[in-house]
Colleague: 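This is the structure, below, for whatever I ask next.
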Amino acid sequence: MQPIFITFILLIISNLLSSSHADVGTAAFYDPPYLPTTCYGNDESQFPSNNLFAAAGDGIWNNGASCGREYLVRCISASEASSCFPDQIIQVKIVDYALSSVSPPSDSGTTIVLSATAFGNVANSSTSINIEFQLV
């Protein structure tokens, strides 16, 4: 076989294997005030300076073990046509628990509740979206 062909096949296999580690869930957003009461006890210094953070829903909360974890998030579909920016992948830090956050999420029961800035980077909808997410 030609070395270029073998490299091409290995590249395809690598892409297929690497994308299989992501989970699928839903995301909503919440607005300020952002007070990380559950994870950091009102310590706002834990927020990333780029405002790409989130509150964990029950599906990933894991009794607080998700605090500080970072996830890659990508919008894969939404109820409103053309709401997703599917080529945008963001990295968010979990700073709170969605059920105890000061600001209510735009939709309850989602996997991740993104800050308004984070949500606006992956979608332009005001409803919940379907996402692909992966622990970094």
Side-chain angles (χ1 to χ4, degrees):
M1 289 188 165
Q2 299 288 344
I4 293 174
F5 179 74
I6 293 171
T7 303
F8 178 72
I9 296 298
L10 290 175
L11 180 63
I12 290 174
I13 291 171
S14 172
N15 283 337
L16 290 173
L17 292 176
S18 66
S19 65
S20 66
H21 296 289
D23 290 312
V24 176
T26 56
F29 70 92
Y30 65 129
D31 291 314
Y34 301 120
L35 299 171
T37 57
T38 309
C39 289
Y40 302 110
N42 294 326
D43 183 3
E44 294 183 35
S45 69
Q46 296 300 315
F47 289 118
S49 60
N50 61 9
N51 288 323
L52 298 179
F53 57 86
D58 280 335
I60 63 170
W61 178 240
N62 196 16
N63 292 321
S66 64
C67 288
R69 288 183 180 163
E70 296 194 12
Y71 290 90
L72 296 175
V73 178
R74 181 175 74 93
C75 181
I76 55 175
S77 68
S79 57
E80 297 176 25
S82 303
S83 293
C84 284
F85 308 138
D87 295 336
Q88 294 295 323
I89 298 172
I90 59 170
Q91 185 169 331
V92 296
K93 179 181 179 181
I94 301 298
V95 298
D96 206 355
Y97 178 42
L99 296 181
S100 67
S101 65
V102 174
S103 297
S106 61
D107 192 8
S108 61
T110 58
T111 310
I112 295 175
V113 181
L114 301 169
S115 67
T117 300
F119 193 92
N121 277 292
V122 294
N124 64 4
S125 171
S126 61
T127 61
S128 67
I129 56 175
N130 296 311
I131 59 167
E132 183 177 73
F133 65 99
Q134 181 176 357
L135 184 62
V136 178

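Just so you know, residue 1 is the first one in the sequence shown, and it goes up from there. Side-chain atoms are counted along with the backbone in the values below, which use heavy atoms only and exclude waters and symmetry mates.
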Colleague: Using atom types as modelled and distance alone, determine if a side-chain donor or acceptor of Ser66 lies under 3.5 Å from a backbone N or O of Arg69.
Modeller: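 No: the side chain of Ser66 does not pair with the backbone of Arg69.
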Colleague: For the pair Phe47 and Phe53, name the ring-plane relationship: parallel under 30°, tilted 30 to 60°, perpendicular over 60°.
Modeller: tilted
Colleague: Do Val24 and Phe133 share a hydrophobic cluster (ILVMFWY, side-chain heavy atoms under 4.5 Å, transitive)?
Modeller: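 As far as the 4.5 Å side-chain criterion goes, Phe133 and Val24 are not connected within one cluster.
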Colleague: Should Ile112 and Ile90 be regarded as members of a common hydrophobic cluster, given that ILVMFWY residues are connected when their side-chain heavy atoms come within less than 4.5 Å of each other, either directly or indirectly?
Modeller: yes
Colleague: Between Ser106 (side chain) and Tyr30 (backbone), is there a donor-acceptor pair under 3.5 Å?
Modeller: no
Colleague: So, for Ser101 and Ser103, which heavy atoms are closest and what is the spacing to 0.1 Å?
Modeller: OG-O, 2.8 Å
Colleague: Carefully, step by step, assess Trp61 and Cys67 under the rule side chain to side chain contact (heavy atoms under 4.5 Å, CB included).
Modeller: CA-CA 8 Å; Trp61 178 240; Cys67 288; 3.7 Å; yes
Colleague: Honestly curious: do Val95 and Leu114 fall in one hydrophobic cluster under the side-chain, below-4.5 Å linking rule?
Modeller: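 As far as the 4.5 Å side-chain criterion goes, Leu114 and Val95 are not connected within one cluster.
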Colleague: Would you give the length of the straight line joining atom NE2 of His21 to atom CG of Leu135, rounded to the nearest 0.5 angstrom?
Modeller: 12.0 Å
Colleague: Between atom CD of Gln134 and atom CD of Gln91, what is the distance when rounded to the nearest 0.5 Å?
Modeller: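 That separation rounds to 10.5 Å.
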Colleague: Could you check whether any side-chain heavy atom of Ile131 comes within less than 4.5 Å of a side-chain heavy atom of Val122, counting everything from C-beta outward?
Modeller: no
Colleague: Heavy-atom distance under 4.5 Å between the side chains of Phe85 and Asn124, does that happen here?
Modeller: yes
Colleague: Would you kindly confirm whether Leu52 and Tyr71 end up in one hydrophobic cluster when ILVMFWY residues are joined by side chain heavy atoms under 4.5 Å apart?
Modeller: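 Same hydrophobic cluster.
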Colleague: Is it the case that the side chain of Thr26 and the backbone of Asn130 share a donor-acceptor pair, with hydrogens and angles ignored and the cut-off at 3.5 Å?
Modeller: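 Not a single qualifying donor-acceptor pair exists.
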Colleague: Does Ser128 use its side chain to pair, donor to acceptor, with the backbone of Ala28 at less than 3.5 Å?
Modeller: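 No, Ser128 side chain to Ala28 backbone: no donor-acceptor pair under 3.5 Å.
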Colleague: If we only count heavy atoms from C-beta on, is the Cys75 to Gln88 side-chain gap below 4.5 Å?
Modeller: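 A side-chain contact is absent here, since even the closest heavy-atom pair is not under 4.5 Å.
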Colleague: Kindly determine whether Ile129 and Ile76 satisfy side chain to side chain contact (heavy atoms under 4.5 Å, CB included), including the steps that lead there.
Modeller: CA-CA 8 Å; Ile129 56 175; Ile76 55 175; over 6 Å; no
Colleague: Could you tell me whether the side chains of Tyr97 and Asp58 share a donor-acceptor contact shorter than 3.5 Å?
Modeller: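 Note: Tyr97 and Asp58 side chains meet the donor-acceptor criterion.
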Colleague: What distance separates Tyr34 OH from Asp96 CG, expressed to the nearest 0.5 Å?
Modeller: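 The distance works out to 11.5 Å.
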Colleague: Check whether Val102 and Phe29 end up in the same hydrophobic cluster, where Ile, Leu, Val, Met, Phe, Trp and Tyr are linked by side-chain heavy atoms less than 4.5 Å apart.
Modeller: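 The answer is no; the residues belong to distinct hydrophobic clusters.
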Colleague: Heavy atoms only: give me the nearest Phe119-Ala27 pair and the separation to one decimal.
Modeller: CE1-O, 3.9 Å
Colleague: Which atom pair, heavy atoms only, marks the closest approach of Arg74 to Pro86?
Modeller: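 Heavy atoms only, the tightest pair is CD-O, 3.2 Å.
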